Amino acid sequence: MCRSGPVLHIEHEVYLRYGQTNPDSSQRHQSRLVILIFGWMGARFAHLQKYTKIYEELYPTATQILIRSSPSFFWSSEATANARLAPVAQILGSLGCCLYSGPKISLPNRVKLPKFDQPRILVHAFSNGGSSQMVYLGRMLSSHIPKSIPDIPRLKTAIILDSCPGIGHLDNSRRAFTVGIRNPIIRSLVYLVLTIALPTMFAWRRILGKKPFFELLREALNSVDLLPWTHSYTPRLYLFSKKDDMILAEDVLSHADEAKRLGFRVSTEIFTESGHVAHARESPERYWGAVQRVWEEAHILQ
């Protein structure tokens with residue numbers, strides 16, 4: 001059996017892993033699968049690799065694109081955010097996942113991308129950090145679709161939202177921004193700065209007549225055209241826990257309920273003992289069973 005390729009660092013926080021190049025007949029239908037993973041804010045590469053390795057076992061012929069999320073992304077201008085996500089957009093365009101005519105970078109020589117006919121896309125976003133990057137990517141891709149193309153192809157796809165979206169409560173937001181800082185002195189200083197900065201930003205946006213960031217995020221996640229290839233019947237799965245003290249279960253559930261009201265196909269998997277983005281570690285069979293079910297649903301519905 002052919003082994004999958006190594007994980008390649010592309011640029012910024014973007015990584016690529018090829019699937020098996022010579023799948024047997026039982027796996028060939030998955031050879032056009034692209035798995036797009038948006039990590040939670042501050043997640044270490046080693047932690048995210050635990051998910052990419054399970055996906056490699058489940059769908060060995062799939063191409064995986066991994067995007068890490070850093071705290072600086074939240075403070076970036078839209079132009080900077082787009083520049084960071086440009087490699088992802090370029091790779092997706094080259095794979096045939098979307099029509100992309102925006103800025104391009106020089107990819108490493110080792111990167112040889114196949115052009116899939118009608119690829120299938122499984123999107124997995126973690127926490128507010130990952131889901132916000134997904135929203136930015138969708139907006140960026142939509143802005144660079146050639147105007148001469150009247151209809152965007154709708155592909156087999158599903159969306160998985162792990163521990164998101166939250167509402168952005170002050171205490172939870174401060175923990176999210178500081179959880180990855182090991183030095184206690186620096187962590188305390190950053191915590192203090194955030195105590196002042198976050199409410200100030202919230203108030204300033206209200207003065208300017210703008211909605212808070214997390215309200216915009218929640219609205220965008222319930223948009224039919226969240227990504228160029230999604231639609232109203234794209235199945236989505238919410239994975240969250242009653243013990244998550246960073247993204248509250250009731251905040252995620254209210255978003256899932258709103259998605260149902262808007263006509264989206266929604267399923268939920270509610271955990272009772274796991275912490276933030278720790279559901280796969282606490283209950284791996286339930287977690288990955290739910291992931292496989294929503295992907296199977298995508299094939300049936302679309």
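We're numbering straight along the sequence, starting at 1. Just so it is clear, the structure is predicted and the values come from calculations on it, not from any experiment.
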Does the side chain of V123 reach to within under 4.5 Å of the side chain of T230, using non-hydrogen atoms? no
Side chain proximity check, F73 to M41, heavy atoms < 4.5 angstrom: no
In sequence, state the C-alpha distance, the side-chain angles, and the governing distance for E297 and V294, and then conclude on side-chain contact (heavy atoms from CB on, under 4.5 Å). CA-CA 5 Å; E297 184 182 0; V294 77; 4.3 Å; yes
For V88 and Y100, what are the C-alpha separation, side-chain angles and deciding distance, and is it a side-chain contact (heavy atoms from CB on, under 4.5 Å)? CA-CA 11 Å; V88 183; Y100 176 68; over 6 Å; no
Side-chain donor/acceptor of H255 to backbone N/O of R218, under 3.5 Å: yes
Do the side chains of I167 and L216 join up, straight or via other hydrophobic residues, at under 4.5 Å, putting them in one cluster? no
For H279, does its backbone N or O pair with a side-chain atom of H276 as donor and acceptor, under 3.5 Å? no
Side-chain donor or acceptor of S241 paired with backbone N/O of S274 under 3.5 Å: yes
Taking CD in E285 as the centre, count heavy atoms belonging to other residues, nucleotides or ligands within less than 6.0 Å. Is the count above 12? no
Find out whether P119 and W229 are in side-chain contact, i.e. whether some heavy atom of one side chain is under 4.5 Å from a heavy atom of the other. no
Within this structure, what is the CG-CG distance for the pair L141 and L99, rounded to the nearest 0.5 Å? 10.0 Å
Atom of V34, atom of C97 and distance for their closest heavy-atom approach: CG2-SG, 3.8 Å
Rounded to the nearest 0.5 Å, what separation is found between the CD atom of E57 and the OG1 atom of T52? 10.0 Å
Looking at side-chain heavy atoms only, is the closest gap between K211 and E219 below 4.5 Å? yes
Within the side chain of R84, is there an N or O that forms a donor-acceptor pair under 3.5 Å with the backbone of E13? no
Which pair of non-hydrogen atoms, one from A86 and one from M140, has the smallest distance, and what is that distance? CA-CE, 3.5 Å
For a side-chain contact (heavy atoms from CB on, under 4.5 Å) check, start with the C-alpha distance between L16 and L113, then their side-chain angles and the critical distance, and finish with the verdict. CA-CA 10 Å; L16 174 70; L113 296 169; 3.8 Å; yes
Among Y59, Y287, W288, the one residue meeting side-chain contact (heavy atoms from CB on, under 4.5 Å) with I54: W288
Please report the interatomic distance NZ(K53) to CZ(R17), rounded to the nearest 0.5 Å. 11.0 Å
L8 side, atom CG; I65 side, atom CD1 - distance, nearest 0.5 Å: 12.0 Å
Under a 3.5 Å distance rule, please check whether S163 uses its side chain to pair with a backbone N or O of S127 as donor and acceptor. no
How long is the straight-line distance from CH2 of W295 back to CD1 of I160, given to the nearest 0.5 Å? 9.0 Å
S94 (side chain) donor-acceptor with Q90 (main chain) under 3.5 angstrom: yes
With salt bridge (Lys or Arg N to Asp or Glu O under 4.0 Å) as the test, would you mind laying out the steps for R293 and E269 before giving the verdict? CA-CA 11 Å; R293 285 194 298 274; E269 194 74 23; 3.5 Å; yes
Ignoring hydrogens, what is the shortest heavy-atom contact between Y238 and P165? Give both atom names and the distance. CE2-CD, 4.1 Å
Within 45 degrees of the ring normal and closer than 6.0 Å to the centroid, is that where the cationic atom of R286 sits relative to F271? yes
Quick one, L161 and F240 - any side-chain contact, counting heavy atoms below 4.5 Å? no
Within-4.5 Å side-chain heavy-atom neighbours: Y55 and L33: no
Is any side-chain heavy atom of I37 less than 4.5 Å from a side-chain heavy atom of Y15? no
Audit row: L137, F38, side-chain contact (heavy atoms from CB on, under 4.5 Å) steps and yes/no: CA-CA 10 Å; L137 178 66; F38 295 91; 3.7 Å; yes
Are the side chains of Y136 and R139 in touch, meaning some heavy atoms are under 4.5 Å apart? yes
Minimum heavy-atom distance between F126 and H124, given as atom pair plus value: CZ-NE2, 3.4 Å
Which atoms form the tightest heavy-atom contact between V135 and A220, and what is the distance? CG1-CB, 3.6 Å
Is R236 positioned over the aromatic face of F264, cation under 6.0 angstrom from the ring centre and no more than 45 degrees off axis? yes
From CG (L221) to CE (M134), nearest 0.5 Å: 5.0 Å
Considering all heavy atoms, the nearest R265-Y233 contact: CD-O, 3.8 Å
Determine whether a donor-acceptor pair (N or O, by modelled atom type, separation under 3.5 Å) exists between the side chain of E258 and the backbone of N222. no
